[in-house]
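Comments concern the structure below.
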Protein chains: 2
Amino acid sequence: MPTAEELAEILKVLANPVRLKILALCLFKERSSRELREMLGISKPLLINHIKKLVNAKLLDVRIAFDEERMVVMKYYKTNEFKVVIDGKVLEEILINSLK
Amino acid sequence: MPTAEELAEILKVLANPVRLKILALCLFKERSSRELREMLGISKPLLINHIKKLVNAKLLDVRIAFDEERMVVMKYYKTNEFKVVIDGKVLEEILINSLK
DNA sequence: TATCTGGGTAAAAAATTGTTTACCAGATAT
DNA sequence: ATATCTGGTAAACAATTTTTTACCCAGATA
């Protein structure tokens, strides 16, 4: 049973087309930073900024792997399974929580 | 089948605690501007601003009534029935639309 | 040496949102 | 006349979010 503030917070993370596309792209297979950048056509700091927010909200998972051959740490992103619903039932819960 | 931009737009309207509370308060009965202002403790222009966005997104309905006795136009707000879902299935649709 | 890859960050600019202040009309009441 | 109520709006200011620019590391390659 979320409060209006809590629900708004997660919706704020989802309410961005770039972040929705990142989640869509990492839905079936994990993607590297570079892959995402090329598919979305956005700058590195911008992608990292969006990824931060998604990881922070636990919508996106990170797997850190060490490439033995190239001696490089790699990060792979994959969308976490989630389901956010906003309907009358959820609003009713908010109403009850705000009255309390 | 929404695009990432379309879904983000409606989520942006929902991603605000005040607007979620307005929808919750107008869920079971229609409310006047004054009622909402007193229950939420916010200023008139601020309430109207939030209401505008909700009505614009078709999440909130307005009924305009003329009070014969007091010769005053009254507006009553009621939450429209809706259900917004964000999950793997929706993200998959976004993925297909963005590839197209 | 210079450039590429991988991983970033910090700060500033740009754009969007949220909120306040001040004002409008029309009718009623003091 | 002054103040209340209903319904607003328009402009300014504040705060947040998005995006860019510039910089950092290390290791491999030309």
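Numbered from 1 within each chain, the chains take letters A, B, ... in sequence-line order.
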By nearest-heavy-atom nucleotide on DNA chain D, the more 5' of R19(A) and M71(A) is R19(A)
Do F82(B) and I10(B) come within less than 4.5 Å of each other through their side chains, counting heavy atoms only? no
Identify whether any heavy atom of S32(A) sits under 4.0 Å from a base atom; if not, whether one sits that close to sugar-phosphate; answer base, sugar-phosphate or nothing. nothing
When you check the phosphate oxygens OP1 and OP2 of dG7(C), does a side-chain N or O of S33(A) lie under 4.0 Å from one of them? yes
Rounded off to whole Å, could you give me the CD1-to-C1' distance for the I51(A) and dT19(D) pair? 15 Å
Whole-Å distance between dC5(D) C1' and M74(B) CE? 10 Å
What is the distance, to the nearest angstrom, from the CG atom on L47(B) to the P atom on dG7(D)? 10 Å
What nucleotide among dG7(C), dT20(D), dG7(D) has an atom nearest to a side-chain atom of S43(A)? dT20(D)
A4(B) backbone acceptor or donor facing N97(B) side chain under 3.5 Å: no
Interatomic distance, I48(A) CD1 vs dC24(D) P [rounded to whole Å]: 17 Å
Once you round it to whole Å, what is the distance between C1' of dT21(D) and CG of L46(A)? 13 Å
side-chain N/O K53(A) vs dT17(D) OP1/OP2, d < 4.0 Å: no
Take the protein atom CG of N49(B) and the nucleotide atom C1' of dA10(D), then report the distance between them rounded to whole Å. 12 Å
Who pairs with dA30(D) - Watson-Crick or G-U, where each distance is under 3.5 Å: dT1(C)
Separation of atom NZ in K44(A) from atom P in dA22(D), rounded to whole Å: 14 Å
Would you indicate what N16(A) reaches in the nucleic acid, counting non-hydrogen atoms under 4.0 angstrom: base, sugar-phosphate, or nothing? sugar-phosphate
Going by an N to O cut-off under 4.0 Å, is there a salt bridge joining E5(A) and K21(B)? yes
Which heavy atom of L91(B) sits nearest a heavy atom of L20(A), and at what distance? CD2-O, 3.8 Å
What's Y77(A) touching, base or sugar-phosphate or nothing? Going by heavy atoms closer than 4.0 Å. sugar-phosphate
With nearest nucleotide decided by heavy atoms, which residue, K12(A) or P45(B), maps closer to the 5′ end of DNA chain D? P45(B)
More than 12 heavy atoms from other groups under 6.0 Å of CD on E38(B): yes
Take the protein atom CZ of R70(A) and the nucleotide atom C1' of dA28(D), then report the distance between them rounded to whole Å. 10 Å
State whether H50(B) places a side-chain N or O below 4.0 Å from either non-bridging phosphate oxygen (OP1 or OP2) of dT17(C). no
